[in-house]
Peer 1: 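Structure provided below as structure tokens; questions to follow.
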Amino acid sequence: MWGLLPVYWHALDATPPAELLAHRMVWSLPSALLLLLLVRRWAWIRELVRRPKRLALVFLSAALISLNWYGFIWTVANDRVIEASLGYFINPLITIAIGVVLLRERLRPAQWTAVGIGAAAVLVMSVAYGQVPWLALFLSVSFALYGLVKKQTGLDGLEGFSADAALQFLPALGYLLLLGARGDSTFTAAGTGHTVLLVGTGMVTALPLIFFGAAAVRVPLSTVGLMQYLAPSTMFLLGVLAFHEEMPPERWAGFLLVWTALTLLTWDALRQARLSRAALRAARTRAAAHGAHGARDARAPAAGTSAAVGR
């Protein structure tokens with residue numbers, strides 16, 4: 001669903017990016033409230049309001065995802081879907097880099113190599129293509145920072161989306177009312193179908209987040225990580241095959257480097273997951289053996305006592 005979003009935004013090309021972003025924000029809140037009503041989950045709101053520091057993090061996450069949304073909508077409106085896909089391809093590498101710089105995390109050799117190859121890819125595109133892929137970097141950095149802040153808030157997919165939507169609603173609504181008063185709104189000017197699509201931006205935004213949150217607690221993280229490559233892959237194919245964007249040799253070279261880095265990163269993640277499972281099985285086996293040995297030791301005195309009584 002995330003990978004096919006460019007098709008949805010492309011169908012709304014009669015609406016300027018800023019207005020489209022405002023509609024996405026405004027209609028996200030009713031969608032969030034409907035979903036909360038269905039699952040009857042409201043207790044988290046009171047707890048969030050009582051914790052100012054946590055609420056400040058939600059303000060920051062809402063601002064970051066708003067910037068990311070606008071950048072993505074702008075790429076579609078300006079026929080740069082391939083560059084947007086690059087941004088989401090390099091997002092795992094940016095996330096790792098942020099973990100090192102801000103969280104002081106330590107990387108394995110394969111992860112360092114993958115980050116280095118990713119940096120080389122950006123350099124190749126910058127030199128050979130004639131410009132730094134600023135848009136791709138903006139999308140990847142803003143989304144990586146959003147993920148970092150989201151991790152600190154501790155809210156799940158639906159709760160986090162609802163909190164962001166509540167904070168985005170009033171500014172976005174004010175902007176739409178201003179456009180309407182000036183006669184610049186496209187809400188009813190481009191036909192009924194266009195209006196329905198604008199209203200649907202809230203649910204189109206909510207459903208992938210909800211499904212992602214539901215999947216994250218049901219399948220291994222290694223699988224979740226692999227499946228996150230589906231969205232930029234779909235965007236890339238749309239840019240090349242559906243929107244017919246240019247792919248000069250230097251851009252292919254940059255993408256091949258990025259894909260090499262992601263292949264190495266995925267191999268390392270799968271290998272680490274396999275080693276962790278093996279270590280866990282070994283620990284369980286040792287615990288079971290220790291428990292069985294302890295049980296035999298506990299039974300031995302009882303058996304000796306019984307024999308002595310018999311004699």
Side-chain angles (χ1 to χ4, degrees), residues 2 39 41 43-44 47-48 51 53-54 57 61 88-119 140 143-161 208-233 258-307:
W2 268 324
V39 299
R41 193 188 306 168
W44 62 273
E47 182 183 355
L48 177 62
R51 300 174 66 178
K53 290 184 179 180
R54 199 177 185 189
L57 287 173
S61 73
Y88 291 109
F89 271 126
I90 65 177
N91 181 69
L93 302 173
I94 296 294
T95 300
I96 289 174
I98 288 176
V100 172
V101 174
L102 298 182
L103 303 181
R104 306 299 185 194
E105 294 180 355
R106 301 182 65 179
L107 299 186
R108 296 183 293 274
Q111 291 176 312
W112 276 116
T113 305
V115 171
I117 295 173
S140 58
F143 197 74
L145 289 174
Y146 169 74
L148 175 66
V149 173
K150 274 294 178 188
K151 184 174 182 177
Q152 307 302 318
T153 63
L155 299 175
D156 70 9
L158 177 55
E159 293 170 358
F161 171 72
L209 284 170
I210 305 309
F211 289 146
F212 177 79
V217 298
R218 288 171 170 80
V219 297
L221 285 179
S222 56
T223 304
V224 173
L226 284 173
M227 293 187 71
Q228 287 189 72
Y229 297 144
L230 290 177
S233 298
V258 169
W259 292 332
T260 300
L262 293 179
T263 300
L264 179 60
L265 202 62
T266 301
W267 169 80
D268 180 69
L270 292 175
R271 182 178 67 89
Q272 193 64 27
R274 186 166 58 251
L275 291 174
S276 297
R277 288 195 298 270
L280 182 61
R281 285 195 298 268
R284 287 175 176 172
T285 301
R286 287 195 299 270
H290 181 73
H293 180 71
R296 286 196 299 270
D297 289 346
R299 287 195 301 269
T305 302
S306 176

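One is the number of the first residue; the rest follow in order along the sequence. Computed from a predicted structure; not experimentally measured. Below, each value reflects all heavy atoms present in this structure, side chains not excepted, and no hydrogens, waters or symmetry copies.
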Peer 1: Please check if the side chain of Arg54 supplies one atom and the backbone of Leu48 the other of a donor-acceptor pair under 3.5 Å.
Peer 2: no

Peer 1: Rounded to the nearest 0.5 Å, what separates atom CG in Leu262 from atom CG in Asn91?
Peer 2: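 Between Leu262 CG and Asn91 CG, I get 10.0 Å after rounding to 0.5 Å.
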
Peer 1: Can you tell me how far CD of Gln272 sits from CD of Gln111, rounded to the nearest 0.5 angstrom?
Peer 2: 8.0 Å

Peer 1: Do any N or O atoms from the side chain of Lys150 and from the backbone of Gly160 form a donor-acceptor pair under 3.5 angstrom?
Peer 2: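 Looks like yes, one N/O pair under 3.5 Å.
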
Peer 1: Taking side chain as C-beta onward, heavy atoms only, is Thr266 less than 4.5 Å from Tyr229?
Peer 2: yes

Peer 1: If the condition is side-chain hydrogen bond (donor to acceptor under 3.5 Å, both in side chains), which residues does Asp268 pass it with, not counting sequence neighbours?
Peer 2: Arg108, Arg271

Peer 1: Evaluate side-chain contact (heavy atoms from CB on, under 4.5 Å) for Ser233 paired with Phe89, printing each intermediate quantity in order.
Peer 2: CA-CA 8 Å; Ser233 298; Phe89 271 126; 3.6 Å; yes

Peer 1: Quickly, which of Leu93, Ile94, Leu145, Thr95 forms a side chain to side chain contact (heavy atoms under 4.5 Å, CB included) with Ser140? Name it, please.
Peer 2: Ile94

Peer 1: Taking all non-hydrogen atoms of both residues into account, name the closest pair between Ala261 and Ala114 and its distance.
Peer 2: CB-O, 3.3 Å

Peer 1: Looking at every heavy atom in both Ala110 and Leu264, which two are closest together, and how far apart are they?
Peer 2: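 Closest approach of Ala110 to Leu264: O-CD2, 3.5 Å.
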
Peer 1: Measuring from atom CG of Leu265 to atom CD1 of Ile117, what distance do you get when rounded to the nearest 0.5 angstrom?
Peer 2: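 The CD1 atom of Ile117 is 10.0 Å from CG of Leu265, to the nearest 0.5 Å.
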
Peer 1: What heavy-atom pair brings Leu57 and Val149 nearest, and what distance separates the two atoms?
Peer 2: O-CG1, 3.3 Å

Peer 1: Minimum heavy-atom separation for Ser61 to Tyr146, with atom names?
Peer 2: O-CD1, 3.4 Å

